[in-house]
Protein chains: 4
Amino acid sequence: MPDKETSRVEAFSDGVFAIAITLLILEIKVPNLESFKSSNLLYKELINLWPSYFAFVVSFAAILIMWINHHGFFNYLKKIDSRFLFANGFLLLLITFIPFPTAILAKYIESEAVNAAAAFYCGTMVLISMAFNLLWFTSAYKRRLIKPIISTKLIEKIKKAYVLGFVIYLLAFIISIFYAYVGLIICISLWTLWSFLDYSTTKERKNNITSCQK
Amino acid sequence: MPDKETSRVEAFSDGVFAIAITLLILEIKVPNLESFKSSNLLYKELINLWPSYFAFVVSFAAILIMWINHHGFFNYLKKIDSRFLFANGFLLLLITFIPFPTAILAKYIESEAVNAAAAFYCGTMVLISMAFNLLWFTSAYKRRLIKPIISTKLIEKIKKAYVLGFVIYLLAFIISIFYAYVGLIICISLWTLWSFLDYSTTKERKNNITSCQK
Amino acid sequence: MPDKETSRVEAFSDGVFAIAITLLILEIKVPNLESFKSSNLLYKELINLWPSYFAFVVSFAAILIMWINHHGFFNYLKKIDSRFLFANGFLLLLITFIPFPTAILAKYIESEAVNAAAAFYCGTMVLISMAFNLLWFTSAYKRRLIKPIISTKLIEKIKKAYVLGFVIYLLAFIISIFYAYVGLIICISLWTLWSFLDYSTTKERKNNITSCQK
Amino acid sequence: MPDKETSRVEAFSDGVFAIAITLLILEIKVPNLESFKSSNLLYKELINLWPSYFAFVVSFAAILIMWINHHGFFNYLKKIDSRFLFANGFLLLLITFIPFPTAILAKYIESEAVNAAAAFYCGTMVLISMAFNLLWFTSAYKRRLIKPIISTKLIEKIKKAYVLGFVIYLLAFIISIFYAYVGLIICISLWTLWSFLDYSTTKERKNNITSCQK
């Protein structure tokens with residue numbers, strides 16, 4: 001059972017995640033049919049918005065999976081301290097930033113400037129990955145804030161996953177500068193990886209927690 | 001009593017519903033009186049915004065009723081797992097999308113492009129109905145995540161309602177392509193139907209839960 | 001102690017209140033200094049925004065006091081039902097609407113169209129007052145949802161306050177059509193009245209609740 | 001353990017903090033590459049947005065640290081009353097206002113109008129500092145709402161910090177009128193100060209609370 005302190009920070013973070021994920025929609029602009037307004041024209045315009053839909057879905061999935069991880073994360077903590085608060089704050093800063101690179105990507109993915117847009121997007125992901133590593137380090141270093149029931153094996157495993165994630169994001173970022181789409185595809189496939197990581201850890205966590213409740 | 005896991009996902013989803021429903025207002029744009037600003041002119045402009053008010057109210061009601069259902073939904077769950085998290089995430093993705101088709105509808109309901117706008121709006125509802133079915137299937141298939149106290153009769157009833165809903169939304173969508181208003185009216189009347197479905201299930205649920213608390 | 005049902009609706013409503021109150025800021029537009037950008041010019045522009053600040057503060061106070069009342073309101077409820085959910089939904093619909101008349105007021109309070117803007121604003125308040133009366137009637141009629149410990153005297157008192165409030169708002173609305181500022185002043189002074197009503201009721205409620213906890 | 005009243009106001013305030021901090025991103029506008037869209041051009045545009053990033057980070061940090069303090073604040077309260085609700089409401093009003101001076105700062109920090117922008121930003125901070133002092137006074141005066149376990153020494157210490165903070169913000173404001181950057185630097189360094197204040201108080205508080213739980 002986490003103390004009030006912890007659950008309140010958790011609730012605040014959840015709020016920020018929930019708002020950031022919902023604000024994404026504001027970046028999809030309603031098309032303006034200047035001249036004669038026909039259904040065919042509007043259909044065409046709505047289809048031409050595919051980059052916005054794509055960016056919206058990708059970022060939504062990103063934030064959702066980050067939230068799931070963040071959420072799994074908190075189940076490991078026995079308490080938090082100010083240092084953790086600031087590491088968490090840095091992560092939230094980057095989460096709230098996501099709608100902006102998303103809008104950039106949506107606007108320029110079809111243009112000549114796609115590489116800059118993709119690099120900016122992947123670069124944001126590199127920073128977020130850094131923030132997750134920082135958060136994990138702050139909590140797991142010498143098991144400062146980790147519940148006793150969490151096995152060191154599990155801690156190591158997650159640490160490895162975070163470090164590996166960072167390296168891959170960094171590669172994706174560098175690649176995206178030259179091959180925008182390749183970089184983006186790596187970013188997206190990474191989220192899929194996260195989701196599976198989380199799945200496994202959730203299972204393990206569940207076991208741990210039930211075992212501790214006995 | 002749901003476990004922490006469940007209630008936190010519930011809280012996060014509630015947050016997304018609450019934000020999506022409130023963002024709807026941002027789609028109503030303040031009218032711009034270029035020339036001479038008279039009260040009569042402003043009254044006229046405010047009345048001419050009726051499509052925005054209409055779309056706002058309709059989508060607000062839609063999200064509210066979806067929330068009520070989602071909320072009733074969670075009372076049936078004894079626990080959740082990652083597969084559920086992703087099904088729920090898919091639903092939330094579509095909920096946060098609603099303000100966009102709403103804005104499209106408000107902008108083009110009076111124009112020649114009304115059919116495209118209505119079809120886009122009803123199409124979104126078809127997807128949402130799909131997501132609800134998926135969510136229900138994920139939880140109710142072989143009663144994976146359903147509380148033992150929930151009668152199989154009730155589960156079947158809700159399943160039927162969801163499947164029926166999907167079929168009707170699909171019809172509404174197809175119709176809206178040719179008869180915009182007819183399609184929209186079917187969509188709206190469906191929400192009324194949902195609200196009554198929820199009413200009945202709530203009553204039954206209440207009984208079930210009290211009976212279990214004895 | 002309210003049941004889970006009640007506290008979740010309470011939490012959802014709080015979310016909507018919190019978001020609506022925060023969205024108000026988005027209606028204050030950053031001034032655009034076309035030509036030569038001097039500090040004096042920006043100071044002047046920032047001061048010229050007084051209608052926006054005024055509308056922002058007034059609506060913020062309005063939503064905050066409505067939230068305090070809504071919040072006090074829920075302390076009277078022993079349970080809720082679907083009918084209550086829809087009455088509450090209607091209220092939330094109008095709460096989320098507030099940023100729009102606020103923006104209208106801010107934009108036209110200095111123009112010839114001030115009467116239309118003020119009437120639109122006060123009209124919204126009339127509807128909100130109606131929604132509060134409806135919510136109260138839904139819960140207090142034959143004490144359907146009211147905690148036994150709440151004295152009928154208190155219920156009557158609140159009912160009177162709500163009905164009186166509605167009448168005054170209606171007057172303010174009618175007056176504002178002809179004398180914009182008079183109507184607005186009545187609206188604002190009413191919130192002051194609410195805040196005191198809430199103060200007193202809070203005290204009484206506290207007593208009731210403590211007395212019941214004995 | 002705080003009573004329901006207190007925790008609900010806490011939750012509402014947290015919501016407003018979380019939304020205000022997330023809305024900051026909406027002030028960063030997507031650059032528009034009119035002519036030929038090249039990656040180099042977009043890179044340049046994204047770099048030219050540094051004032052927006054700067055303002056975003058600074059205000060994010062400001063709101064986060066204010067939230068941490070507000071949050072520490074509530075741990076001292078044994079109960080709240082209406083007077084507290086209004087003092088808290090005044091604080092929230094100013095918190096939700098922050099995105100606006102932030103946008104002003106971002107837009108004019110590079111222009112001739114930087115002094116007005118900086119003064120407007122620091123001025124907002126002066127008001128917020130006032131609101132914190134008011135909130136503290138409302139609660140701590142004659143220990144009206146303070147938990148018995150909180151040592152008077154600690155109360156005095158915090159009071160001093162708040163008063164000192166107000167004086168420094170006021171200085172920063174006056175200076176910013178003439179030396180924009182100096183004023184801003186003082187504001188920012190103050191937040192660093194707050195964060196440390198909070199750190200120490202958190203530790204003390206922890207001790208107090210554990211000592212009381214014995």
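Throughout, a chain's letter reflects where its sequence line sits, starting with A, and its residues are numbered from 1.
- Interface with chain D: from residues 43-53 of chain C, residues C:Tyr43, C:Leu46, C:Leu49, C:Tyr53 qualify, criterion being any non-hydrogen pair under 4.5 Å.
- The heavy-atom pair separating C:Ser39 from D:Asn115 by the smallest distance is OG-CB, 3.4 Å.
- Using a 4.5 Å cut-off between heavy atoms, C:Leu64 touches chain D through its side chain atoms alone.
- In this structure, the side chains of C:Phe17 and D:Val16 stay at 4.5 Å or more apart for every pair of heavy atoms.
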Side-chain donor-acceptor distances from residues 90-109 of chain D under 3.5 Å, at least two apart:
from     : atom 1 : to      : atom 2 : distance (Å)
D:Thr96  : OG1    : D:Leu92 : O      : 3.3
D:Thr96  : OG1    : D:Leu93 : O      : 2.7
D:Thr102 : OG1    : D:Ser59 : OG     : 2.6
D:Thr102 : OG1    : D:Ile98 : O      : 2.7
D:Lys107 : NZ     : C:Asn32 : OD1    : 2.7
D:Tyr108 : OH     : C:Pro31 : O      : 2.6
D:Tyr108 : OH     : C:Leu33 : N      : 3.1

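- Contacts between D:Ala117 and chain C at a heavy-atom distance below 4.5 Å involve backbone atoms as well as side-chain atoms.
- Top candidate by heavy-atom pairs under 4.5 Å with chain C, chosen from D:Gly89, D:Gly15, D:Ala180, is D:Gly89.
- Among residue pairs with one or both ends in residues 13-30 of chain C, those qualifying as salt bridge (charged side-chain N to carboxylate O under 4.0 Å, His left out) are C:Asp14-D:Arg8; sequence neighbours excluded.
- Residue-environment remark: OH (C:Tyr181) exceeds the threshold of 12 foreign heavy atoms within 6.0 Å.
- Contact annotation for residues 19-26 of chain D against chain C (heavy-atom separation below 4.5 Å, listed by residue number): D:Ile19, D:Ala20, D:Leu23, D:Leu26.
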